[in-house]
Amino acid sequence: MPLVTPIAFVAGLSALAASFTMIAAVGIGIGQGFTAGKAVEGVARQPEAQGDILRTMLVGQAVAETTGIFAFIISIVLLFVNPFLDRIG
Amino acid sequence: MHDLSHIGPRNIMRIGSVYISETVFFGLIVAAVLIALCLWMAHGLQKVPKGKQVIAELIVKSVYDLVTGSMGKHCEKFAPYMGTLFMFLILGNMLGLFGFRPTTADVNMTFALAGTTFLMIQYNGFKTMGFVGKIKHMCDPLPIMFPLKIIEEISFPISLGFRLFGNILGGVIIMALVFNGLEWLSEIVLGSIPFIGKLPWLQAVIPLPVNFFFDIFEPVLQAFIFTMLTMVFVSMAVVSHEEHEH
C-alpha cells in the first residue's frame, strides 16, 4: 500500500493551491487602501464634494476587486467542486 | 442554510421534468414582493402626497436623480430599469438576513443579469451608432485594436457577473463558518450539561456584527455597484455616439 493515496495527494495539493491562489488578495488590499487614502485627501481638500468622491471611490474599489474575486472563485472551485478528484475516480 | 458540505443551491421543487432551485424560487418570491409593494405604494395617488406616497416619491425621485446625475439628462428613459435592478438586487442579496440563501449567490442569476446588461449595451450601441459606426468606433485608433475591443466588450459582463457572485458567495461561506464555529464552541463550553448542552446558545448575539456586514452593508454596496457599473457602461455606449457626430 502506498504511503499517500492518489485521492489524498490530489486533495492536499488542491487545498494548497486554493490557499496560494488567494495571494492575489494582497494586491487588492494595496489598491483599495491606496484608493481610500486618495479619497480621504480629496475630501480633506474639498469637503463639499464628499458624496461624489465616496461614490467614485466605491465604484473604483469594486473594479479593482475583480481580480481577487476571480482568484476567490478559483479557490472555491478547487475546494468544493474539485475537477481533478473526478478525473482520478 | 449554514451547511458547509453543500454550498450550492438546492433543488427544492419539481414540476414534471423541470427542477426549481432555491435561486429561482426565492427570485420569484422577491419579484412578487416587489410587485406587491409597488402596487400597494402606488395605490390611490393624490395631488398632495401623504403617508406612503411620500416614501414612494422619495424612492422614485432619488433613482431618477442618480440616473440623470451619472448618465446625463438624455438617458432618463433608463431610470425604471435601473431602479428595478437596484431594488431586486438589494432584496435578493439580503435574503440571508431572513435565513434563506441569497439568490445572487448563484452564478446563473448573476450571469442572467450581466447578460441583460450586455444586451442593453450592445443594443444601444448599435442603435445610436449604426452597424458601420459601431465597427468604426471599435477600430477607433487603429484597426489592429479590433480584437482587443471585442475581448473588452465580452469580458465586461463576465467580470460583472463574477464580481456580484463572488462577493455574495464569500459572505455566505463566512457566515456558515462563523455559525459552525460558534456551534462547536458552545458545545465545548456547556456540552456536559444534559439538555442545554445541545443548544447552540453562542449563536444568539455574537454573529450580529458579521450579520450586519454581510447581510446589510455588503448587499446594498454590491447592488449599488452593479447598478452603477451598468449605468456607466450603458451611458458610454450612448455618449460615444454623440461625440462621434460632433
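A quick note: this is a predicted structure, and the numbers were derived from the prediction, not measured. Throughout, a chain's letter reflects where its sequence line sits, starting with A, and its residues are numbered from 1.
A/L58 touches chain B through backbone and side chain together, each having a heavy atom under 4.5 Å away. When heavy atoms are compared at a cutoff of 4.5 Å, A/V81 does not approach chain B at all.
Proximity to chain A at a heavy-atom threshold of 4.5 Å picks out B/F162, B/R163, B/F165, B/G166, B/N167, B/L169 from residues 160-169 of chain B, in numerical order.
The shortest distance between side-chain heavy atoms of A/R55 and B/I225 does not fall below 4.5 Å.
Atom CZ of A/F80 is surrounded by more than 12 heavy atoms from other residues, nucleotides or ligands within 6.0 Å. The local environment of CD in B/E57 is crowded, with over 12 non-hydrogen atoms from other residues, nucleotides or ligands closer than 6.0 Å. Around CZ of B/F213, the count of heavy atoms belonging to other residues, nucleotides or ligands within 6.0 Å exceeds 12. Remark: B/I144 CD1 is loosely packed, at most 12 non-hydrogen atoms of other residues, nucleotides or ligands lying under 6.0 Å away. B/F126 CZ: more than 12 foreign heavy atoms inside a 6.0 Å radius. Within 6.0 Å of NZ on B/K149 lie more than 12 heavy atoms contributed by other residues, nucleotides or ligands.
Considering all non-hydrogen atoms of both residues, A/I76 and B/I173 come closest at CD1-CD1, 3.2 Å.
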